[in-house]
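Just so we're clear, the structure is a prediction, and the values are computed from it rather than from any experiment.
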Amino acid sequence: MNFCPSCGSRMKAYSAQLVCPKCNTTVRVQGAGPNNLGMDPAAAEDNVRRFIEMLSSQARFGIRGEKPLAVIAALKYLCESTQTGIGLSALLENETHSRAIRNRFIALVNIYGRTSNPEHSWSAITGGDRFELQTAVRSSPDLDKSECVHSPESLSRIWLVILAQLAAQPTRGEEMKGR
């Protein structure tokens with residue numbers, strides 16, 4: 001059993017670290033880290049891109065759908081923060097990280113999304129009784145491992161590629177003009 005050194009609560013284990021759900025203390029697991037997760041960084045980038053493509057292919061609005069934008073918001077958060085070695089599941093389960101991702105999700109939906117109520121969309125895909133986004137993340141076993149391997153440079157490369165894809169798609173206003 002691993003207990004938090006700060007508050008004594010039971011910590012949750014993730015691929016390369018332990019995270020306290022109560023006080024958000026993070027402890028790196030001995031022997032774990034981006035260099036020994038057994039995944040090539042290029043393969044990790046491909047896994048993240050494929051996951052977003054898979055979510056986009058299932059979404060009504062493609063890459064501008066709720067779940068793809070939520071994963072893109074998580075990438076944006078990782079690019080902007082100092083967090084390394086943490087998977088998407090851990091980010092979504094941690095209240096502090098999840099709130100930060102939610103804020104980025106709402107901003108991205110307001111710019112690129114096709115939904116009129118981003119706050120409701122976030123609640124629909126991350127809460128309720130279905131936890132749609134978390135279920136999708138868990139269904140892709142290499143995704144969390146991939147997220148842990150990324151360096152800030154790698155995350156920035158993925159972010160720029162995805163941002164270009166979003167910018168290439170017409171916005172709601174542009175679509176309406178064409179009608």
Query raised in the report: For the side chain of Gln134 and the backbone of Thr126, is there at least one donor-acceptor N/O pair under 3.5 Å apart?
Result: yes
Report task. Starting at NZ of Lys67, measure out to CD1 of Ile72 and round the result to the nearest 0.5 Å. Result -> 14.0 Å
Query raised in the report: Are any non-hydrogen side-chain atoms of Tyr112 and Pro68 less than 4.5 angstrom apart?
Result: no
Query raised in the report: Which atom pair, heavy atoms only, marks the closest approach of Phe105 to Pro118?
Result: CE2-O, 3.4 Å
Query raised in the report: Can you tell me how far CD1 of Ile63 sits from CZ of Arg114, rounded to the nearest 0.5 angstrom?
Result: 11.0 Å
Query raised in the report: Do Ile111 and Leu163 belong together in a cluster built from hydrophobic side chains that touch within less than 4.5 Å?
Result: yes
Requested in this report: Please round to the nearest 0.5 Å and tell me the distance separating atom CD1 of Ile158 and atom CG of Asp46.
Outcome: 8.5 Å
Report summary line: Separation between SG (Cys79) and CG (Leu160), nearest 0.5 Å, reads 7.5 Å
Requested in this report: Decide yes or no for Leu78 and Leu91: does some side-chain heavy atom of the first lie under 4.5 Å from some side-chain heavy atom of the second?
Outcome: yes
Query raised in the report: Are Val137 and Phe51 close enough that some pair of their side-chain heavy atoms sits under 4.5 Å apart?
Result: yes
**Report entry** Any side-chain heavy-atom pair of Cys7 and Thr25 under 4.5 Å
**Finding:** no
Query raised in the report: Would you say Glu80 has more than 12 foreign heavy atoms packed within less than 6.0 Å of its CD?
Result: yes
Requested in this report: For Arg104 and Ala74, indicate whether the former's side chain and the latter's backbone hold a donor-acceptor pair under 3.5 Å.
Outcome: no
Requested in this report: With rounding to the nearest 0.5 Å, note down the distance linking CD1 in Ile52 to CG in Leu69.
Outcome: 9.5 Å
Query raised in the report: Can you tell me how far the OG atom of Ser156 sits from the NZ atom of Lys76, to the nearest 0.5 Å?
Result: 10.5 Å
**Report entry** Presence of salt bridge, Glu53 and Arg49, under 4.0 angstrom
**Finding:** no
Report task. State yes or no: do Phe61 and Leu133 share one hydrophobic cluster built from I, L, V, M, F, W and Y residues joined by side-chain heavy-atom distances below 4.5 Å, directly or via other members? Result -> no
